[in-house]
Amino acid sequence: MSTVVFSGGVGAARFLSGLVQAIDPTEITVVSNVGDDSVFWGLYVCPDIDIVIYTLAGLINQKTGWGLTDDTFTTLRELHALGEDTWFNLGDRDLATQIYRTNLLGQGLPLSEITARLTKARGLACKILPATDDRLETRFLTPDGELAFQEYMVKRSWKVPIQKVIFKGADVSRPAPGVLDAIASADRILFAPSNPFISIGTILAVPGIRQALLDAKAPVAAVSPIVGGQAIKGPAADLMRDFGYEVSAYGVAQVYRDLVDLLVIDQQDTALLPKIQALGLNAIATDTMMTSPERKKQLAADVINAVDAL
Ligand code: FO1
């Protein structure tokens, strides 16, 4: 039973760490957002891919949800001493991944091949595919001008209203090798509890992926990243508000209504089920908080059971 998971960063990684316990990890293909990718000091950083790899390898910094556990920041401090702006915290150990990736990109290897090598080097059994090997940059039009993804997310702590999300390069991007085939041959397709606009939405901005999803024979299920009217992490709630959606699991259902067959929402939002079902979606409520390995595995099992029952 092959399972394809559309994935952003921290929330997706936590969900995937439950999924690899609940089903055979060799049958999981992760399609990762790459719109957050950024270049710092000439190094090509793929936060969402790295967050998923580090999490599944048991190496993630549990407190932040990104970066490596027990990392140090000596290189960053030296860069600061040289007068560099060091708001993006690349740890010394994390830099090894960035040097490895950037070196291979420079040799002409596609991101998908480099990601496969990183996945193998970290001993993971699942497959991780970037949505595209082409450069696709999520950028934000704000009252202060256009901001790159990490400028908005990290430097400005997403405290700027968004007028428009720009997927620079998306129009000429192509799905990475294996992405369309994985979607077409999947038995289940899941949207991790990621940002509907700038994680899942960015993947869907790659020409061909949305259509592949609509054509897929597999049922599609999404886990709501909004619980009790709030985002678990990141700017999902702010973006929903900026784009005129209700900040709730119902708002998520409205965003996803043409794409998914099933929405999994948190048990504290159970009262929203009839409203979501009235949109024509299947919906279940369960514990989506993922605060322990057991709860992560249970959420994954609940999603799998619900999607297989469709
Ligand atoms: N997020 C932060 O809030 N502050 C950081 O300094 C930061 C550094 C960082 C370094 C490597 C990496 O892979 C991720 C990093 N993140 C940081 C997370 C990242 O900005 C976002 O969480 C993702 O782009 C969203 O999925």
Side-chain angles (χ1 to χ4, degrees), residues 5-17 30-57 59-77 79-80 84-102 111 114-115 118-119 122 128 130-131 135-140 147-160 162 165 167-168 191-203 205 223 225 231-239 290:
V5 184
F6 282 34
S7 158
V10 181
R14 290 188 174 142
F15 176 71
L16 284 163
S17 66
V30 177
V31 177
S32 176
N33 171 37
V34 291
D36 305 21
D37 294 6
S38 304
V39 177
F40 292 96
W41 303 288
L43 297 173
Y44 193 82
V45 185
C46 297
D48 285 358
I49 289 174
D50 289 348
I51 288 167
V52 168
I53 292 178
Y54 293 163
T55 301
L56 295 181
L59 301 169
I60 200 77
N61 177 331
Q62 301 273 359
K63 233 173 27 219
T64 56
W66 47 265
L68 285 152
T69 186
D70 296 329
D71 213 343
T72 52
F73 294 87
T74 310
T75 311
L76 210 68
R77 273 198 300 277
L79 284 164
H80 186 69
E84 288 292 289
D85 213 356
T86 52
W87 49 267
F88 194 73
N89 293 288
L90 281 170
D92 298 318
R93 295 177 66 204
D94 197 5
L95 280 166
T97 303
Q98 317 316 327
I99 293 168
Y100 177 90
R101 174 186 290 121
T102 307
L111 185 60
I114 300 164
T115 304
L118 284 167
T119 307
R122 298 298 187 181
I128 302 175
R135 188 76 170 107
L136 191 179
E137 269 180 273
T138 304
R139 301 178 66 84
F140 300 95
L147 297 178
F149 187 94
Q150 300 298 346
E151 282 174 337
Y152 164 73
M153 185 85 178
V154 176
K155 195 173 183 185
R156 307 288 292 265
S157 306
W158 71 79
K159 298 299 166 235
V160 203
I162 298 301
V165 177
F167 297 125
K168 191 177 167 197
F191 290 178
S194 297
N195 190 305
F197 303 107
I198 55 171
S199 297
I200 307 300
T202 316
I203 298 171
V223 181
I232 303 294
K233 197 174 189 302
D238 306 65
L239 285 173
M290 300 191 288

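Numbering of ligands and ligand atoms starts at 1, following listing order.
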Subject >> For ligand 1, the portion of Asn89 having any non-hydrogen atom under 4.0 Å away >> reply: both
Subject >> Contact partition for Thr64 relative to ligand 1, non-hydrogen atoms under 4.0 Å >> reply: neither
Has [X] got a side-chain atom pairing as donor or acceptor with [Y]'s backbone, closer than 3.5 angstrom?
X: Asp48; Y: Val34; value: no
X: Ser199; Y: Gly8; value: no
X: Gln150; Y: Asp36; value: yes
X: Asn33; Y: Gly9; value: no

**OP:** Kindly assign one of parallel, tilted or perpendicular to the pair Tyr152 and Phe140, based on the angle between their ring planes and the thresholds 30° and 60°.
**Re:** tilted
**OP:** Could you establish whether Phe149 and ligand 1 come within less than 4.0 Å of each other, counting only heavy atoms on the residue side?
**Re:** yes
Heavy atom of the protein closest to [atom] (residue, atom name, distance):
atom: atom 20 (O) of ligand 1; result: Gln150 OE1, 2.7 Å
atom: atom 9 (C) of ligand 1; result: Phe88 CZ, 3.3 Å
atom: atom 26 (O) of ligand 1; result: Asp48 OD1, 2.6 Å

Original post:
For Asp94 and ligand 1, does the shortest N/O to N/O distance drop below 3.5 Å?
Top reply: no
Subject >> Donor + acceptor pair across side chains of Glu84, Trp41 (<3.5 Å) >> reply: yes
Under 4.0 Å from a heavy atom of [X]: which atoms of ligand 1 are those, numbered in the order shown and with their elements?
X: Trp87; answer: 6 (O)
X: Gly9; answer: 26 (O)
X: Asp36; answer: 23 (C), 24 (O), 25 (C), 26 (O)

Subject >> Heavy-atom nearest option to atom 16 (N) of ligand 1, drawn from Trp66, Tyr152, Phe73 >> reply: Trp66
**OP:** Counting heavy atoms only, name the option from Gly8, Pro47, Gly35, Ser199 that's nearest to atom 12 (C) of ligand 1.
**Re:** Pro47
Subject >> Test applied, side chain to side chain donor-acceptor pair (under 3.5 Å); reference residue, Arg101; option that passes from Thr115, Asp37, Asp50 >> reply: Asp50
**OP:** Determine whether Tyr54 and Thr97 make a side-chain contact, defined as any pair of heavy atoms from C-beta on separated by less than 4.5 Å.
**Re:** yes
